Amino acid sequence: MQILDGIKLSKEIKQEIKLKVESYKEQGKRVPHLGAILVGNDGASRTYVDNKIKDCNYVGFESSELILEDTITQEELIAKIQEWNNDSNLDGFIVQLPLPKHIDQEAVINAIDPNKDVDGFHPMNFGKMALEMETFLPATPYGIMEMLERYKVPTAGKHTVVIGRSRIVGRPMSILMSKNGNPGNSTVTLTHSKTEDLAKYTKEADIVITALGVPEFLKADMIKDGAVIVDVGITRVDDPTSPKGYKLAGDVDFENVKEKASWITPVPGGVGPMTRAMLLKNTLLAYNKNN
Ligand code: GUN
């Protein structure tokens, strides 16, 4: 079994980006600039946004953070988005999800200028992705593709089973794995909460990509020998022995599954750091489109 090490890979990618930023500076150019909007103060969302800003600092990007009260109206939020759409100093920005219940997530995503949508969530960008046109890819599926590519994990002709059909992970993942290219060229089964007898599919899979959010859901008897296991699950579970009071748990029963897998991502240290690095790559793409 080999570990797909997201920490090591993401460091390499961040280093590549850092060198690019240094070369822009040497040429007297401005540096890429990423913005993040956070509505409310959900602990996990706050951590994600803080990490995005930290990553910008690390690679030398400029960053802007806008933290809004969770009482903000949808109209006020969209007005802020329009300001950022029109800010020529900002290459791209994200609106951290989930949003408070009184705000229509779809309307908010639709308000983002597709050319600044570095999350790749706008329907225009999702459509381009599905049509295999160059665009911003959602960071988590993009990070998984990058990981499979850099570790040279074979995907062509393989049966990939994706668990979960969210717009952020599962559905785009299913599209990218079936695309014509490498990685890609997989035969994909997209499973979800209404799938009957899920294990029937996972047992047949050469590659399982799970984004369910149920700790240790995927057991060793649900996979075949030599399968590639990619764990997107990252759930906070109570842990009184940890200083934070919680630990992060993946969807995979790692200790048992790793004995049967050929490649496997750990949690933490697998997909998460890759997601963070890919947002930086998308920001770089936005910057290069604007320059
Ligand atoms: N919430 C969970 N993942 C993401 C992400 O990749 N981007 C945004 N904007 N919100 C998220």
Side-chain angles (χ1 to χ4, degrees), residues 6 10 13 34-56 61 63-68 70 72 74 77-78 80-81 84-85 90-101 103-114 116-126 129 135-147 162 164-173 175-176 209-214 230-236 248-251 267-268 270-286:
S10 67
I13 294 165
L34 173 70
I37 298 179
L38 174 66
V39 183
N41 51 13
D42 172 72
S45 291
R46 176 85 237 198
T47 306
Y48 289 139
V49 170
D50 286 349
N51 286 338
K52 289 170 190 182
I53 302 293
K54 252 192 240 167
D55 291 337
C56 285
F61 286 4
S63 61
S64 295
E65 191 179 9
L66 187 56
I67 300 173
L68 302 167
D70 60 6
I72 193 169
Q74 184 170 313
L77 174 58
I78 288 179
K80 291 285 179 199
I81 289 172
W84 276 16
N85 282 343
L90 198 58
D91 296 295
F93 65 94
I94 66 114
V95 178
Q96 187 66 31
L97 303 178
L99 290 166
K101 293 230 161 21
I103 296 177
D104 175 5
Q105 178 180 294
E106 221 54 52
V108 169
I109 291 172
N110 284 335
I112 300 172
D113 176 350
K116 293 196 173 185
D117 167 40
V118 285
D119 258 332
F121 291 170
H122 191 284
M124 168 93 83
N125 290 323
F126 202 96
M129 172 191 63
T135 188
F136 305 114
L137 303 177
T140 299
Y142 187 13
I144 294 168
M145 297 301 279
E146 189 84 12
M147 198 174 219
V162 178
R165 59 180 160 185
S166 72
R167 68 181 294 153
I168 295 182
V169 185
R171 198 177 298 276
M173 195 73 244
I175 293 169
L176 292 173
I209 302 174
T210 171
L212 196 63
V214 178
V230 178
D231 189 351
V232 188
I234 186 150
T235 308
R236 288 183 177 191
L248 298 174
D251 286 353
V267 176
V271 174
M274 293 303 291
T275 298
R276 288 171 58 177
M278 293 305 114
L279 180 62
L280 299 172
K281 273 188 87 121
N282 278 341
T283 306
L284 199 60
L285 177 63

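Positions are given from 1 along the sequence. Remember, it's 1-based here, ligands and their atoms both numbered in the order they're listed. None of the values given here were measured: they were computed from a predicted structure.
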Working note: I72 + I103, criterion side-chain contact (heavy atoms from CB on, under 4.5 Å); need CA distance, chi angles, decisive distance, verdict.
CA-CA 9 Å; I72 193 169; I103 296 177; 4.2 Å; yes
For D50 and K54, what are the C-alpha separation, side-chain angles and deciding distance, and is it a salt bridge (charged side-chain N to carboxylate O under 4.0 Å, His left out)?
CA-CA 6 Å; D50 286 349; K54 252 192 240 167; over 6 Å; no
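A search for side chain to side chain donor-acceptor pair (under 3.5 Å) contacts involving R171 returns nothing, not counting sequence neighbours.
Side-chain atoms of D70 do not come within 3.5 Å of backbone N or O of D42 as any donor-acceptor pair. For the pair N282 (side chain) and L137 (backbone), a donor-acceptor distance under 3.5 Å is present. Here the side chain of D91 pairs no donor or acceptor atom with the backbone of T283 at under 3.5 angstrom.
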Contacts table for ligand 1: protein N or O within a distance under 3.5 Å of ligand N or O, distances only.
| from | atom 1 | to | atom 2 | distance (Å) |
| --- | --- | --- | --- | --- |
| ligand 1 | 1 (N) | Q96 | NE2 | 3.2 |
| ligand 1 | 1 (N) | L97 | O | 2.9 |
| ligand 1 | 7 (N) | D119 | OD1 | 3.2 |
| ligand 1 | 7 (N) | D119 | OD2 | 3.2 |
| ligand 1 | 9 (N) | V95 | O | 2.8 |
| ligand 1 | 9 (N) | D119 | OD2 | 2.6 |
| ligand 1 | 10 (N) | Q96 | NE2 | 3.4 |
| ligand 1 | 10 (N) | L97 | N | 2.9 |

